[in-house]
Enquirer: 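Below is one structure. I have some questions about it.
Here is the naming used below: chain letters follow the sequence lines, and residue numbers restart at 1 for every chain.
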There are 2 protein chains.
Amino acid sequence: MKKITIHDVAELAGVSIKTVSRVVNNEASVSTNTKSKVNAAVKELNYKPNVSARNLRGSQTFIFGMLYDNTNAYFVMDMQNGLLSECLDQNYELLIRPCNSRAPDIVKQVSDLIHHSRLAGLILTSPLADNPDIIDYLREIGLPYMRITSGKAAIGTCEDGIFVDDDSASMHITNHLLTLGHTKIAYVAGDIAHQATTNRLDGYIKGLNKAGIAVDEALILKGEYSFDFGVEGFKQLLKLPSLPTAVLAGNDEIAAGILYCARLHNISVPEDLAIAGFENSPFSRQTWPKLTTASQPNTEIARRAAQLLIKMCRPDTTGEHDISQHCFIPELVVRGSTQKGA
Amino acid sequence: MKKITIHDVAELAGVSIKTVSRVVNNEASVSTNTKSKVNAAVKELNYKPNVSARNLRGSQTFIFGMLYDNTNAYFVMDMQNGLLSECLDQNYELLIRPCNSRAPDIVKQVSDLIHHSRLAGLILTSPLADNPDIIDYLREIGLPYMRITSGKAAIGTCEDGIFVDDDSASMHITNHLLTLGHTKIAYVAGDIAHQATTNRLDGYIKGLNKAGIAVDEALILKGEYSFDFGVEGFKQLLKLPSLPTAVLAGNDEIAAGILYCARLHNISVPEDLAIAGFENSPFSRQTWPKLTTASQPNTEIARRAAQLLIKMCRPDTTGEHDISQHCFIPELVVRGSTQKGA
DNA sequence: CTGAAAGCGCTAACAC
DNA sequence: GTGTTAGCGCTTTCAG
C-alpha cells in the first residue's frame, strides 16, 4: 500500500504542490480549470492529506477537542456520536477527554490540552461549559469554542453556543403535573454547577407561580445527577410531615432513584406519587412504570455544535463572523409515572 | 504561552535533542546520569512531545485506535476511560471510532482507518474482536492489536488478547440458581456475534449437565444485548406451557427487560421468578429488586489492554515478543432478584 | 554512549 | 494565478 502524498497529486495533475494545497484547502484564487484537474487527480489517487503534517506545519489545525465531566454515560455517548459523525465528514479529528471539572487546576488542564494537542477548537458540555474561568480563558486566547449548555437568556445576544431551553421545558412538565391536580410538588434537583439545574428549577418555580402556588423551600432538594441521589432525596422527603403528591426530578436518573425508593416503601406510582424526569434517556423507558420526561435530541445537538464550530474555524465563507448559536426546546413526553395508562 | 519543544529541554539539560529523544522514547543506551538530567528538565518544563511531529517523522506512530460496535453505553464508557487513562499516561493518542460491524466493507473501513490515521495499534471489543476477517487482515499487515473478548480457550496458547472467562462465571450463576432449588431455568441470550454469548451459554449448559438436568432448547432464546430483547424474550417464555422458575439473562440490560416485563404481568421476583444478569453494570443496581449478576472490572480490563498493546509496540524491552494475554474471571454478585433479602 | 544532519508531508511567506 | 523556498518538531541515519 503506497502512501499517496501531495507530490503524487501534483505530478498527476501537472501542477505544483502548492496549487494542490490551495485546492484541497478551498482557498480562493485558483482557476476553475486547474481546480478541476487537481480534484480529478485527488479522486483518482484517493488522496487524503496527512493530518499530522498539516497539524505540524499549519497555523490552524484540524483537531477539535471534546471535554466532558459527566457521569451520564448515555449523554456522553450521544454527544460523542454526534460530534464524531460531523467531524469525520468534514475531515476533522476529534479528541475526547474526560476530566474533573472541580480540579483546582482545571483551567491549566484545559490550557495544556489545547496547546499540547494544538486544538483548533473545543466543544464543552456542562458543567464545564458553565465554568466562567474556562470560558474567560478561551476567550482570552481566542480559541474557537462551542458551549453545549442550558439557557435561553443567551439567545439574541452575541454569545455563541448551543442552548437547550430547559426553563420552558421544566415549566411544561410542571404544568402537566398541575393539570393532573397536584399542588404539593417537590423538586429533586441535580448539581448546581450545571446551568441546566438552575434553569429547570426556574421553570418549576415559574410554573408554580403562574398557578398561584407558593414555593416551599422544604420541597426543593439539591444534589447531583445520579440514581443514588434520587434515592437519597426521596429519603429526605420521607422525613417531611407529609409527602408531596408529585416529584419533579432533575433528570431521569434521579427520577429512577426516586421511583426505586418509592417502591421500597410501598408507595404506588403514579397513584400515591407522580414522578417526572428529564432528558428522555433510556433510563426513562426502563423503569416500571415508564417515566414522564422531557425529550432532547442529544446526538442532533452535538452534530449542530460541530457544524457551527467548523463554520467558526473557516472564515473563508465571505465576510465577518456572524453569531453561531442555536436553541433546542425539549418536548414533554407523558408516560405512566405521572399518568396511569399513558 | 510559549511552546516547549525538544530543543528547550535539550538546552536546559545541556544535551543534544537526540539524547532527549532517546530518553523520552525509553531507548536503551543512555547513561543513568544523563537520563535523570533529561527527565528533570522534562518535568520542569512540563514538556510533552508534539504528537504530530512524531507521527509525521517516525516509522512508528503513537496513535491507537479503539473500534467498537456496541450499544451498551456503560461498557463503552468504561472501556474508553480505561484505555484513555493508560494511553495518556504513556503519551499515546487514542482515536475512538464507533462502527457497524455488519457493514459488508468493514475490513476496508478498518484498513482505511489504520492507514489514513497511521495507527500504531488497534484495540477491538466484541463483536469486532470476534470477527475473523478483521483479525486475519490485521495479522496479514502485521499491525499490533489487542482483542478484548470472551474465552479461556485461548489462555495458554500463543494468542494475544484480554480474555474474560464468561464460561466459568456463567456456570457459577447457574450453580447459584440450582442451589436455590431451581430446575427449570431459561436462558435469554444476547447477540451470537459476540463470543461472550456462546461462552455464557456453554457455562449454563455445563452447569445444568453437572446437576444432571437435561437442556431444554425451548428455554434458550437468542437475540441481542438490549432491554427490549429482554422484554421480547420474556414474552416468548410466556407462551410456553409453563413458565420457568428462573431466567439467566445474557447481560444486565436483558435482565432488566425481563424484570420489567415480569412486573407488567404481575409476576413476583424472585418468588415466582428468579432473574440473573451479567456484567454488574449500573443497570443491575437500578432495578427493583436489584439484579444478581457477575461482576467484571471493565475499566481495569481496558487499562490492561492498553498496557499490553503498548508493550507490544515497544520491543525495546529486551528480547523477543512474549505472549501478551490476560484473563479476568467475573465474580458472582448475589442480590434480590434471585434471593429474597440478599 | 552521544551528536549533527537530513527530511517526514505539509503550509506560510514571499516571489513571479 | 501559480511556483519556490523554508521550516514546523521530531526521528532516522550515520558519525564520532
Side-chain angles (χ1 to χ4, degrees), chain A residues 2-38 41-42 45-63 91 93 115-120 313-316, chain B residues 2-38 41-42 45-63 91-93 115-118 120 313-316:
Chain A
K2 197 199 165 311
K3 247 180 303 182
I4 303 296
T5 75
I6 199 171
H7 289 97
D8 302 312
V9 179
E11 194 176 353
L12 182 62
V15 296
S16 77
I17 59 165
K18 177 65 221 183
T19 301
V20 175
S21 170
R22 285 198 177 97
V23 173
V24 168
N25 289 297
N26 236 319
E27 283 174 42
S29 74
V30 182
S31 76
T32 325
N33 184 28
T34 315
K35 196 183 282 184
S36 59
K37 263 196 308 186
V38 172
V42 166
L45 297 172
N46 187 26
Y47 167 71
K48 295 252 183 188
N50 178 312
V51 182
S52 296
R54 304 177 102 172
N55 291 335
L56 180 55
R57 186 60 184 109
S59 53
Q60 152 185 218
T61 69
F62 294 80
I63 311 173
N91 279 321
E93 294 281 346
H115 291 101
H116 173 230
S117 296
R118 303 205 56 212
L119 298 187
C313 292
R314 282 200 189 131
D316 318 326
Chain B
K2 199 199 163 312
K3 247 179 302 182
I4 303 295
T5 75
I6 199 171
H7 289 97
D8 302 312
V9 179
E11 195 176 351
L12 181 62
V15 297
S16 76
I17 59 165
K18 177 61 223 183
T19 302
V20 176
S21 171
R22 284 198 177 97
V23 173
V24 168
N25 289 298
N26 237 318
E27 284 173 40
S29 76
V30 182
S31 76
T32 325
N33 184 29
T34 315
K35 196 183 282 183
S36 59
K37 263 197 307 188
V38 172
V42 165
L45 296 172
N46 187 26
Y47 167 72
K48 297 255 182 183
N50 178 311
V51 183
S52 295
R54 307 177 99 171
N55 292 335
L56 179 55
R57 186 61 182 105
S59 52
Q60 149 186 221
T61 70
F62 294 81
I63 310 174
N91 283 322
Y92 274 79
E93 292 282 346
H115 290 103
H116 176 228
S117 297
R118 302 204 55 209
C313 292
R314 281 198 189 130
D316 319 327

Enquirer: Using whole Å, report how far CD1 of A/Ile6 lies from P of D/dT4.
Expert: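 After rounding, the gap between these two atoms is 13 Å.
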
Enquirer: Which heavy-atom pair separates B/Asn33 from B/Ser36 by the least distance, and what is that distance?
Expert: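 So the minimum-distance heavy-atom pair works out to O-OG, 2.8 Å.
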
Enquirer: Reckon B/Tyr47 touches a base, only the sugar-phosphate, or nothing at all at heavy-atom distances under 4.0 Å?
Expert: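 Counting heavy atoms under 4.0 Å across all strands, the contact made by B/Tyr47 is with sugar-phosphate only.
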
Enquirer: Is a donor-acceptor contact shorter than 3.5 angstrom present between the side chain of A/Arg57 and the base of D/dG7?
Expert: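 Under the 3.5 Å cut-off, the side chain and the base do form a donor-acceptor pair.
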
Enquirer: Given atom CG of B/Asn91 and atom P of D/dC10, what is their separation to the nearest angstrom?
Expert: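 Spelled out: CG on B/Asn91 to P on D/dC10 is 11 Å.
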
Enquirer: Look at the side chain of A/Thr5 and the backbone N and O of A/His7, then say whether any donor-acceptor pair between them is shorter than 3.5 Å.
Expert: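 Such a contact is found between A/Thr5 side chain and A/His7 backbone.
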
Enquirer: Are any of A/Thr19's side-chain N or O atoms less than 4.0 Å away from OP1 or OP2 of D/dG3?
Expert: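 So the side-chain polar atoms of A/Thr19 do come within 4.0 Å of the phosphate oxygens OP1 or OP2 of D/dG3, strictly under.
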
Enquirer: Take the protein atom NE2 of B/His7 and the nucleotide atom P of D/dG7, then report the distance between them rounded to whole Å.
Expert: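 The answer, rounded to whole Å, is 12 Å.
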
Enquirer: Rounded to whole Å, how long is the line connecting atom NE2 of A/His115 with atom P of D/dG9?
Expert: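 To the nearest whole Å, that distance equals 13 Å.
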
Enquirer: When the nearest nucleotide of DNA chain D is assigned to B/Arg22 and to B/Val51 on a heavy-atom basis, which residue is associated with the more 5' position?
Expert: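 Its nearest nucleotide lies further toward 5', so the answer is B/Val51.
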
Enquirer: Using the heavy-atom set of chain B and a strict 4.0 Å cut-off, write down the first and last nucleotide of DNA chain C that makes it in, 5' to 3'.
Expert: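 Listed 5' to 3', the contact boundaries are C/dC1 to C/dG9.
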
Enquirer: Quickly work out the A/Ile17 CD1 to D/dT4 P distance and round it to whole Å.
Expert: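 Taking CD1 of A/Ile17 and P of D/dT4, I get 9 Å after rounding.
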
Enquirer: From the options A/Val42, A/Val15, A/Val38, select the one residue that forms a side chain to side chain contact (heavy atoms under 4.5 Å, CB included) with A/Val23.
Expert: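 Only one of A/Val42, A/Val15, A/Val38 forms a side chain to side chain contact (heavy atoms under 4.5 Å, CB included) with A/Val23, namely A/Val38.
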
Enquirer: Take atom NZ of B/Lys18 and atom P of D/dT12, then tell me their distance rounded to the nearest Å.
Expert: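 My rounded result for the distance is 7 Å.
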
Enquirer: With a 6.0 Å cut-off (strictly less than), is the heavy-atom count around NZ of A/Lys18, excluding the residue itself, greater than 12?
Expert: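 Above 12, so yes.
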
Enquirer: Please determine if a side-chain N or O atom of B/Asn50 lies less than 4.0 Å away from the OP1 or OP2 oxygen of D/dC8.
Expert: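 Answer is no, no contact under 4.0 Å.
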
Enquirer: In terms of side-chain heavy atoms, does B/Arg54 have a donor or acceptor partner in B/Asn25 at a distance below 3.5 Å?
Expert: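 Yes, B/Asn25 and B/Arg54 have a side-chain donor paired with an acceptor closer than 3.5 Å.
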
Enquirer: D/dT2, OP1 or OP2 - any side-chain N/O from A/Thr34 closer than 4.0 Å?
Expert: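 Result: yes.
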
Enquirer: Check whether B/Asp8 reaches the backbone of B/Leu45 with its side chain - one donor and one acceptor, N or O, closer than 3.5 Å.
Expert: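 Not a single qualifying donor-acceptor pair exists.
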
Enquirer: At less than 4.0 Å, is any side-chain N or O atom of B/Ser21 found next to OP1 or OP2 of D/dT11? Yes or no.
Expert: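 Yes, B/Ser21 has a side-chain N/O under 4.0 Å of OP1/OP2 on D/dT11.
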
Enquirer: Is it true that, when you exclude A/Glu11 itself, more than 12 heavy atoms of the residues, nucleotides or ligands shown sit nearer than 6.0 Å to its CD?
Expert: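 Check fails, neighbour count at 12 or below.
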
Enquirer: Check the distance between D/dC10's P and B/Asn55's CG and give it to me in whole angstrom.
Expert: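 Taking CG of B/Asn55 and P of D/dC10, I get 12 Å after rounding.
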
Enquirer: Base, sugar-phosphate alone, or nothing: which one does B/Ser52 contact when heavy atoms must sit under 4.0 Å apart?
Expert: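 Result for B/Ser52 = nothing.
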
Enquirer: CD of B/Gln60 versus P of D/dT12: gap in Å, rounded?
Expert: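 Value for this atom pair: 7 Å.
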
